[in-house]
**Student:** 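Before I ask anything, here is the structure I am working with.
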There are 2 protein chains.
Amino acid sequence: MTDPRPGGAEGVDSVLAALADPTRRLLLDLLAARGEASATALAEGVPVSRQAVVKHLAVLEAAGLVRGGRVGREVRYAVRPAALDATARWMAALAADWDRRLARIKLLAETAEAAERDAP
Amino acid sequence: MTDPRPGGAEGVDSVLAALADPTRRLLLDLLAARGEASATALAEGVPVSRQAVVKHLAVLEAAGLVRGGRVGREVRYAVRPAALDATARWMAALAADWDRRLARIKLLAETAEAAERDAP
DNA sequence: CATTGATGCAACTCCAGGGTTGCACCTAAC
DNA sequence: GTTAGGTGCAACCCTGGAGTTGCATCAATG
């Protein structure tokens, strides 16, 4: 979509899509609390099967919100704040941009109204 | 008001869900550029039918990202930055929280390692 | 080596939601 | 009144994603 400032993260849409699912947000929360956990361990704290958790973790990893690494015979996942932070900044910039535009529109409307009053 | 209490992000999930769709982000962009527009007008700047636009606007309005009001025989929509801004702040806080927790975990790991070294 | 616990792969179901079309309704303008 | 542009409602496809089950596979440990 529109990127007000080039240099901003391009993973924004994948991050938004990833965060749109409640189960994935739950998983991120669990991961943030534990620091590190395997898919099997996470599945015990979530109302879905292990396979579902695996799929969700794949989505999260593709979005850069999570990173998985092999430790022995299991795969440990950990949260990765960078992507989330970048998206937060992008959103803040977008909100500021909207504010700016709305202020401009409002100003134009007022001056037009004033002109209307002065020269009908 | 879709912004009840500080900790409990209730409007956040609807905002994330709304933002997850590319067409809706496009619509928001068009709206921000024009300031105000009707569903029919917006449909001409988007690769989908008017009805699809109407549905998207309903979702956006439910999320508090947009506000619609009747003007004559048409309904004008305008962007509403507050909800977006609130979600941006929520995300930033979340990212900061993750950072905090990760730092704690890392510290614990290091002290544990040190203890391991001193008393094996 | 055999066992146990973890991951990986694949096929399958199910449904929410994005998209469409058609028509009815309302309101301004002629 | 009649017309035309705009909105609202409803029924209807259809794809994708969330979730499941079953089995194969690989690594640590006895």
**Student:** I'd like to know whether CZ of R89(B) has more than 12 heavy-atom contacts from other residues, nucleotides or ligands below 6.0 angstrom.
**Tutor:**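 Not buried by this count: 12 neighbours or fewer within 6.0 Å.
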**Student:** Could you check how far CD of E74(B) sits from C1' of dC25(C), rounded to whole Å?
**Tutor:**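 Going from CD in E74(B) over to C1' in dC25(C) covers 17 Å.
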**Student:** Is a salt bridge present between R25(A) and D29(A), judged by a nitrogen-to-oxygen distance below 4.0 Å?
**Tutor:**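 Here R25(A) does not pair with D29(A) in a salt bridge, since their nearest N and O are not under 4.0 Å apart.
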**Student:** Does a side-chain heavy-atom distance below 4.5 Å link L31(A) with L60(A)?
**Tutor:**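 No - every pair of side-chain heavy atoms lies 4.5 Å or more apart.
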**Student:** In whole angstrom, give the distance that lies between atom CZ of R76(B) and atom P of dA28(C).
**Tutor:**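 To the nearest whole Å, that distance equals 13 Å.
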**Student:** Rounded to whole angstroms, how far apart are CG on L57(B) and P on dG6(D)?
**Tutor:**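 Computing the L57(B):CG to dG6(D):P distance gives 15 Å.
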**Student:** Just how far, in rounded Å, is C1' of dG8(C) from OH of Y77(A)?
**Tutor:**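 These atoms are roughly 10 Å apart.
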**Student:** Rounding to a whole Å, what distance do you find between L42(B):CG and dG19(C):C1'?
**Tutor:**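 One finds 17 Å between C1' of dG19(C) and CG of L42(B), rounded.
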**Student:** Could you check whether E74(A) pairs with R76(A) (Lys NZ or Arg NE/NH1/NH2 to Asp/Glu carboxylate O, under 4.0 Å)?
**Tutor:**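 Yes, this pair counts.
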**Student:** Do V46(A) and L28(A) land in one hydrophobic cluster if side-chain heavy atoms of ILVMFWY residues count as linked below 4.5 Å?
**Tutor:**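 In one cluster: yes.
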**Student:** In B/S/- notation, 5' to 3', how is nucleotides 18-30 of chain D contacted by protein heavy atoms closer than 4.0 Å?
**Tutor:** SBBBB----BB--
**Student:** Could you tell me if the side chain of R80(B) sits less than 4.5 Å from the side chain of L65(B), heavy atoms only?
**Tutor:**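 Answer no - side chains too far apart.
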